[in-house]
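Below is one structure; the comments refer to it alone.
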Amino acid sequence: MSTKRIEKIVGKAIPMPRDDIDTDRITPARFLKSITFEGIEKALFCDERENTPDHPVDNPAHKGANMMFVGKNFGSGSSREHAPQALKRFGVEVLVGVSFAEIFAGNCFAIGVPLGVASADDVNELIKQAQEEPETRFTVDIRNATVSYGERVISIDIQETRQKAFLAGTWDMLANLRGNLPQVEEVAQSLPYVTNFESEAQ
Amino acid sequence: MSKNTLYDKVWDSHTVAKLDSGQDQIFIGLHLIHEVTTPQAFGMLKEIGSGVAFPGRTIGTVDHIIPTLSQIRPYEDEQAEKMMAALEQNVNEFGVRFLHLDSGKQGIVHVIGPELGLSQPGMTIACGDSHTSTHGAMGSLGFGIGTTEVGHVLATQTLALNRLKVKRIEVTGALGPGVTPKDVTLRVIHDLGIKGGLGFAYEYGGDVFDTMSMEGRMTVCNMSIEGGARIGYVNPDETTFEYLEGREFSPEGEAWERGLAYWRDIASGDDAEYDDVYEIAGESIEPMVTWGINPGHSVGISQPLPEVGSFAGEDRKTAEHGYDFMDLRPGESILGTKVDVAFLGSCTNSRISDLREGARLLKGNKVHPGVRMLVVPGSQQVKQQAEEEGLHEIFNEAGAEWREAGCSMCLGMNPDKLVGAERSISTSNRNFIGRQGSPRGRTHLGSPAVVVSSAIAGCIADPREMGEQA
Ligand code: SF4
């Protein structure tokens, strides 16, 4: 079955300190027109990056980061799947924030991007650490629900059913469905209309 | 929990596995695809290196974006052209049957499925479009899915789904003159609300459905989703079998007999149990028209518009917004409200019986000079049939525009759109703000009869007052 277990993510972080960053800011609406997700990472925060010279996403100090620390209500607004896709394809493997919009969270789960929720104080501490010492290597531990750096360990909340699915590798619904293809074939054989009733069903 | 209903039987026979998520993995008997919700799904297949698991159970067409004035390419809208090209390439690459513009069988997915005999009783049917509930009229379980799920069906012919509860909607007695299936569905949504069906499949039954035509059943099942029910179905009966016999993809000979046996068996048993039952007396249903900004905002055409106080909580705010946006007032009559556009079409009401009804009422009349009327057949076959019967001449003579098959003014994805604050009376299924392509455009939903009587009068008019004709 699936081997896509997600247990631990280690790396640098991009700090995104503001609240209420909606999906339109993450991936502007005009990218909805594109007919594949290929290259959608170029759209990530592209409008505000254009207008902000030292945007955290472009800051060379954060190059190679694989996680993002965000504020309150991240991913609100339109339910587009483009936003989590752009984050993931950019290289963001996990987000830690004060809160996340529900549909955004569901879309992140579906593509295997865990979200950790922590208090505003803790998130601010993480953001500050990433800003002031961008080379810091953080560890997000899904099993123990913590973020740590150096000696410091901060607890995060990860929705329980999702946490389990990340650890077991069953978050990937398509992989789960594909794992049962032999049974799918059996069910198809048992349904008489699959042969348009040309033969007796088994 | 429901027991021995068609829903339960089909669900059980299509269950592949119980998933860790608590959902059931369900086999999909028929997957209909179109240009809008598939490109990303095919992209997903390419990324994981998968093919289409059951190409024979997948069939594609184009409907949402194609212009209805002329289907000839290339399209002015670059995006439309891009989606079209992507679908053509994908169906070729993955070996999926495709009913293209030159097939003579292209049309709105929910019109061509039943028309070609593709949608049959006892099937599960999925499509990346919410109105897939339409196919429930055939006695199947049809439901709309999102792009990610389209990818799941392409790769595995299955979906991860939560089992629904089953609510029986029983419409007793008979419908009065001038009252149509569209009015039945609007009344159901009016009574149960736009969220009333969340978590439910609706089973429609009772005398009114027993005597209703297949196309009428399609109109009702189509709008189940507007009441929150992802699935709505009618049990298969002799009317269903008569409709199916001889269609292109229907079984023949001995296979037909085996089909009949399966279909009879799959219907809800006499001992079926439901999670809930709702009853409406057919005689109490009037022609319905929407006055607001969701399909639940409707009123019997001769009744005064409802007081805002009759709505509670959030619904009250929506109702106030609705009155404001539509520029109407509670207590007034909807009759006489001037309209600029009349639209006869969409997967709700663009089948041959809808066009016949429209033509019958329009014959010898003229569309009001202040009204632009569009008549858009749901498929190329419907168009051809209508032209053989000379219906297009009646529409043209009356001053309506006779178009090519497509979704047209049901949604703002092709050149047919409302302009500015235009007000339309429409046989489509959604009166959401902006739905018909103009952010300020105002939509009233109604039956083909209401649309035609209003087109003639230039304002919303009761089809029962069209003298002898109605
Ligand atoms: S006619 Fe309207 S509702 Fe039906 S499939 Fe087309 S766009 Fe969707």
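In what follows, every chain begins at residue 1, and chains take the letters A, B, ... in the order their sequences are listed.
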Can you tell me how far apart [atom1] ([X]) and [atom2] ([Y]) are? Round to the nearest 0.5 Å.
X        : Y        : atom1 : atom2 : result
A/Asp122 : A/Ile154 : CG    : CD1   : 4.5 Å
B/Glu149 : B/Leu154 : CD    : CG    : 12.0 Å
B/Asn294 : B/Ile433 : CG    : CD1   : 10.0 Å

Exercise for the section: Using the six-membered ring wherever Trp is involved, compare the ring planes of B/His34 and B/His64 and label them parallel, tilted or perpendicular (cut-offs 30° and 60°). Expected result: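 Parallel.
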With respect to chain A, which residue among [options] yields the maximal number of heavy-atom pairs within a distance under 4.5 Å?
options                             : result
B/Ala17, B/Ala86, B/Ala261, B/Gly29 : B/Gly29
B/Glu254, B/Glu47, B/Glu257         : B/Glu47
B/Gln157, B/Gln120, B/His14         : B/His14

Practice task
Answer yes or no: are there more than 12 heavy-atom neighbours, outside B/Glu78 itself, under 6.0 Å from its atom CD?
Solution key: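 Atom CD in B/Glu78 is not crowded, with 12 or fewer foreign heavy atoms closer than 6.0 Å.
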Measure distances from [X] to the heavy atoms of chain B and classify the residue's part below 4.5 Å as side chain, backbone, both or neither.
X        : result
A/Gln183 : both
A/Ala188 : both
A/Val194 : both

Problem - Aromatic centroids of A/Phe74 and A/Phe104 separated by under 6.0 Å - result: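 Judged by ring-centre distance (under 6.0 Å), A/Phe104 and A/Phe74 do meet the cut-off.
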Report which part of [X] has an atom under 4.5 Å of a heavy atom belonging to chain A: side chain, backbone, both, or neither.
X        : result
B/Leu159 : backbone
B/Met44  : side chain
B/Thr15  : backbone
B/Ser250 : backbone
B/Thr37  : neither
B/Gln23  : side chain

Handout entry: Passing option when A/Phe197 is tested against B/Phe249, B/Trp256, B/Tyr262 for ring-ring contact (aromatic ring centres under 6.0 Å, His included)
Key =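 Only one of B/Phe249, B/Trp256, B/Tyr262 forms a ring-ring contact (aromatic ring centres under 6.0 Å, His included) with A/Phe197, namely B/Tyr262.
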Handout entry: Check ion pair B/Glu314-B/Lys195 (N to O, under 4.0 angstrom)
Key =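 Judged by the 4.0 Å cut-off on N to carboxylate O distance, B/Glu314 and B/Lys195 do not form a salt bridge.
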Practice task
Name the member of A/Leu181, A/Leu177, A/Leu174 that forms the most heavy-atom pairs with chain B at distances under 4.5 Å.
Solution key: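 Sorted descending by pairs with chain B, the first entry is A/Leu177.
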Exercise for the section: Select, from A/Thr161, A/Thr36, A/Asn107, A/Ile111, the one with the greatest count of heavy-atom pairs under 4.5 Å involving chain B. Expected result: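 The candidate making the most pairs under 4.5 Å is A/Thr36.
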Practice task
Would you tell me whether A/Asp20 and A/Asn73 have side-chain atoms, one donor and one acceptor, within less than 3.5 Å of each other?
Solution key: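 A/Asp20 vs A/Asn73: donor-acceptor pair found between side chains.
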